[in-house]
Amino acid sequence: MSDGSDILIYFAIRPEEVPIMGESPRYALSFTSGALLVREALVAAPLYLREHDWATVRRLIEEDNLLQTRTRSSGSRLAREIVQRLSVLSDTELELLIDATPTERGCLMWAATCRRYDLIGEFAEEVLHERFLVLGTTLDYDDFDSFIRGKALWHEEVANLKESTLRKLRSNVFRMLVESGLLSEDGRIVQAVLSAHLAHTLASDIRFFPSRGVV
């Protein structure tokens, strides 16, 4: 009579329980240029609040070169990128973005970027935010590389990134952090000081910031 150990072994090695690279939803990885795009946001947000249609906003930006790019292709790329990021913000958040202080705009655009790009959002939550909570003071490229190696185990698109593309992604993420005021030029984590209004607006996004909430 079996003592049941063979059954336990069977369940321990079922194929469906073995991690398989690529099973998780694919990350969007198109953030290789443009950084935080605050200036571009101040062009696109008022257009949307007037038109209430992101396709129209993108068309108007491209037709009139409202982002003042040198080439049509770069203008189209930036228009697409800013529309994708701002489309994750509510009308209330867009209105706040227009009237906000430079510091608040940086925070809003960082939140929009984290919402738009799961990979950046997870880096912000799992590395930046957690590092701050345990009183870590710095963040550098090695932290990002370690994070990416962990994600590559589950995401084929990350594992297959060219080294040159990875460098661009990494550089742009850190540039965004500096532009949003969350990281100093020399890699020191800067606590996000959120007003009560902004903290309330971004309540579910506090996990993306080096912050414990309202200060």
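Below, all heavy atoms of this structure are taken into account, side chains as well, without hydrogens, waters or symmetry copies. Not measured: the values here are computed from a predicted model.
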Participant: What pairs of donor and acceptor atoms, side-chain ones from residues 126-142 against any protein atom, are under 3.5 angstrom apart with sequence neighbours left out?
Facilitator:
from: E126; atom 1: OE1; to: K151; atom 2: NZ; distance (Å): 3.3
from: E126; atom 1: OE2; to: K151; atom 2: NZ; distance (Å): 3.3
from: H129; atom 1: ND1; to: F209; atom 2: O; distance (Å): 2.6
from: R131; atom 1: NH1; to: T138; atom 2: O; distance (Å): 2.7
from: R131; atom 1: NH1; to: D143; atom 2: OD2; distance (Å): 3.3
from: R131; atom 1: NH2; to: D143; atom 2: OD1; distance (Å): 2.9
from: D140; atom 1: OD1; to: D142; atom 2: N; distance (Å): 3.1
from: D140; atom 1: OD1; to: D143; atom 2: N; distance (Å): 3.2

Participant: Could you walk me through whether Q191 and L182 pass the side chain to side chain contact (heavy atoms under 4.5 Å, CB included) test, one step at a time?
Facilitator: CA-CA 6 Å; Q191 180 176 1; L182 303 177; over 6 Å; no
Participant: Side chains of W54 and Q84: does their closest heavy-atom pair fall under 4.5 Å?
Facilitator: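 Not in contact.
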Participant: Taking the ring centre of each residue, are F123 and F144 less than 6.0 Å apart?
Facilitator: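 When the ring centroids of F123 and F144 are compared, they turn out to be within the sub-6.0 Å range.
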Participant: Classify the side-chain pair T92/S90 by whether it contains a donor and acceptor separated by less than 3.5 Å.
Facilitator: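 T92 vs S90: no donor-acceptor pair found between side chains.
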Participant: Would T113 and V88 count as a side chain to side chain contact (heavy atoms under 4.5 Å, CB included) here? Give the steps.
Facilitator: CA-CA 9 Å; T113 302; V88 303; over 6 Å; no
Participant: Using a distance-only test with no angle check, is there a side-chain donor-acceptor pair under 3.5 angstrom linking S87 and Y48?
Facilitator: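 No, no side-chain donor-acceptor pair sits under 3.5 Å.
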Participant: Report the distance from atom CZ of R167 to atom CG of L161, rounding to the nearest 0.5 Å.
Facilitator: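 Taking CZ in R167 and CG in L161, the distance rounds to 12.0 Å.
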Participant: Can you tell whether the side chains of E81 and R77 come within less than 4.0 Å, N to carboxylate O?
Facilitator: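 The answer is no: the pair does not qualify as a salt bridge.
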Participant: So do L108 and L198 actually touch side chain to side chain, heavy atoms under 4.5 Å?
Facilitator: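 In contact.
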Participant: Can you sort out the partners of T69 under side-chain contact (heavy atoms from CB on, under 4.5 Å), two or more places apart, ordered by chain and number?
Facilitator: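 Residues passing side-chain contact (heavy atoms from CB on, under 4.5 Å) with T69: N65, L67, S74, L78.
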Participant: Do M176 and L183 have side-chain heavy atoms sitting under 4.5 Å apart?
Facilitator: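 Answer no - side chains too far apart.
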Participant: Determine whether L202 and V190 fall in the same hydrophobic cluster, where Ile, Leu, Val, Met, Phe, Trp and Tyr are linked whenever their side-chain heavy atoms lie under 4.5 Å apart.
Facilitator: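 Per the 4.5 Å side-chain linkage, L202 and V190 are not co-clustered.
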Participant: Of all residues at least two apart in sequence or in a different chain, which pass the side-chain contact (heavy atoms from CB on, under 4.5 Å) check with I98?
Facilitator: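 With neighbours one apart ignored, the set is A45, P46, L49.
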Participant: What distance do L166 atom CG and E163 atom CD have between them, rounded to the nearest 0.5 Å?
Facilitator: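 So the CG of L166 and the CD of E163 are separated by 5.0 Å.
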Participant: Any sub-3.5 Å donor-acceptor pair from E125's side-chain atoms to R207's backbone N or O?
Facilitator: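 No: the side chain of E125 does not pair with the backbone of R207.
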Participant: One pair to check against side chain to side chain donor-acceptor pair (under 3.5 Å): T71 and S73. What are the steps and the verdict?
Facilitator: CA-CA 5 Å; T71 66; S73 60; 3.3 Å; yes
Participant: Hey, does the side chain of N172 reach the backbone of F31 with a donor-acceptor pair shorter than 3.5 angstrom?
Facilitator: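 Judged by distance alone, yes, a pair lies under 3.5 Å.
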Participant: Do any N or O atoms from the side chain of D205 and from the backbone of F208 form a donor-acceptor pair under 3.5 angstrom?
Facilitator: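 Side chain of D205 to backbone of F208, a donor-acceptor pair under 3.5 Å: no, none is there.
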Participant: Would you give the length of the straight line joining atom CZ of R116 to atom CG of L89, rounded to the nearest 0.5 angstrom?
Facilitator: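 These two atoms lie 12.5 Å from each other.
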Participant: Is S76 reaching over with its side chain to a backbone N or O of R72, donor-acceptor style, under 3.5 angstrom?
Facilitator: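 Such a contact is absent between S76 side chain and R72 backbone.
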Participant: Hey, are E93 and R115 close enough for a salt bridge, meaning a charged N less than 4.0 Å from a carboxylate O?
Facilitator: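 A salt bridge is present here (some side-chain N lies under 4.0 Å from a carboxylate O).
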Participant: Do side-chain atoms of N160 reach the backbone of E156 as a donor and acceptor pair under 3.5 angstrom?
Facilitator: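 Looks like yes, one N/O pair under 3.5 Å.
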Participant: Distance check, rounded to the nearest 0.5 Å: M109 atom CE versus L42 atom CG?
Facilitator: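 Interatomic distance, M109 CE to L42 CG, rounded to 0.5 Å: 8.5 Å.
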Participant: Between H155 and I148 (side chain of the first, backbone of the second, donor and acceptor by atom type, cut-off under 3.5 Å), is there such a pair?
Facilitator: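 A pair under 3.5 Å: no.
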